[in-house]
Amino acid sequence: MEHTSHDAGARDDPAAQQDHGSPVGQSSQSSHNDHSDHAGHRHGGVTWSTAARATLHCLIGCAIGEILGMVIGTALMWGNVPTMILAITLAFLFGYSFTMFAVLRAGVDFRSAVKVALAADTVSIAVMELVDNGIIALVPGALDAHLTDALFWSSLLGGFVVAFVVTTPVNKWLIGRGKGHAVVHAYH
């Protein structure tokens, strides 16, 4: 998002200043300085730090959903395919939920929050899940490992690490084009 024209209009508009969390009378530029994760957007580039934070945000939701799905599927003695489907579904659900709750707290209606979450996180979660589950599928014995096996946890957690490394540049590219997690910045 180009902040130059945004800042010029917001400086004279107390409502715009309040939308960014700055008290009336302070410039919106100081408001932007308070949002360190916007730093990569001010000069047209995106920092690796911004991309890493966006990726970590998605990773936390994905990890919670995926671990929960694996635990449920394994506890119910489901096969590999239904367990992975449940884990991936819950990863998307939790990943989207984290974004939705943040946007809902900003006062956005539910339907709009769903649209923002879908726009912000779909590509990131999809890449993360593809990489993570691909690694689990490729590690010999990982799909057949039990919750008590070190192989289960090491392949799952190792998959998350690799997914983070692969997805961070994807998010950097998306945010730099005003897509992905950049959509959420309008609601901070």
Side-chain angles (χ1 to χ4, degrees), residues 1-24 26-69 85-132 163-164 167-188:
M1 178 166 131
E2 169 62 58
H3 288 288
T4 314
S5 61
H6 172 72
D7 287 344
R11 234 186 315 271
D12 301 323
D13 182 3
Q17 291 172 4
Q18 287 175 331
D19 285 345
H20 287 297
S22 65
V24 175
Q26 277 188 355
S27 76
S28 61
Q29 182 63 35
S30 66
S31 165
H32 280 309
N33 291 338
D34 295 339
H35 292 290
S36 60
D37 57 354
H38 286 171
H41 298 294
R42 262 184 244 142
H43 302 293
V46 178
T47 65
W48 282 104
S49 175
T50 299
R53 279 192 301 273
T55 306
L56 185 61
H57 176 266
C58 282
L59 181 66
I60 291 169
C62 287
I64 291 169
E66 191 160 330
I67 291 170
L68 184 60
I85 290 171
L86 176 63
I88 292 168
T89 300
L90 291 176
F92 272 91
L93 181 68
F94 277 88
Y96 288 141
S97 295
F98 277 28
T99 298
M100 281 183 54
F101 291 137
V103 174
L104 286 168
R105 277 194 312 265
V108 175
D109 66 286
F110 184 79
R111 186 176 180 163
S112 296
V114 169
K115 289 179 182 179
V116 168
L118 291 172
D121 294 334
T122 298
V123 172
S124 181
I125 295 171
V127 170
M128 201 166 292
E129 286 303 298
L130 180 67
V131 171
D132 178 50
F164 178 83
T167 308
T168 299
V170 173
N171 280 330
K172 186 177 187 303
W173 182 81
L174 287 168
I175 294 167
R177 280 144 189 78
K179 299 180 185 320
H181 194 75
V183 175
V184 178
H185 286 279
Y187 301 99
H188 281 225

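From a predicted model like this one, the values you see are computed outputs, not experimental measurements.
The heavy-atom pair separating Glu129 from Ile88 by the smallest distance is OE1-CG1, 3.5 Å.
Going from atom CD1 of Ile64 over to atom CG of Leu59 covers 9.5 Å, rounded to the nearest 0.5 Å. Taken from NZ in Lys115 to CZ in Arg111, the straight-line distance is 4.5 Å, to the nearest 0.5 Å.
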Would you mind writing out the side-chain donor-acceptor pairs for residues 167-176 within the sub-3.5 Å range, not counting sequence neighbours?
from   : atom 1 : to     : atom 2 : distance (Å)
Thr167 : OG1    : Ala163 : O      : 2.6
Thr168 : OG1    : Thr55  : OG1    : 3.4
Thr168 : OG1    : Phe164 : O      : 2.7
Asn171 : OD1    : Ser124 : OG     : 3.4
Asn171 : ND2    : Thr55  : OG1    : 2.7
Asn171 : ND2    : Ser124 : OG     : 3.1
Lys172 : NZ     : Val46  : O      : 3.1

Identify every side-chain donor-acceptor pair in residues 93-104 under 3.5 Å, counting partners at least two apart or on other chains, and give the distances.
from  : atom 1 : to     : atom 2 : distance (Å)
Tyr96 : OH     : Thr122 : OG1    : 2.7
Ser97 : OG     : Leu93  : O      : 2.7
Thr99 : OG1    : Asp121 : OD2    : 2.3

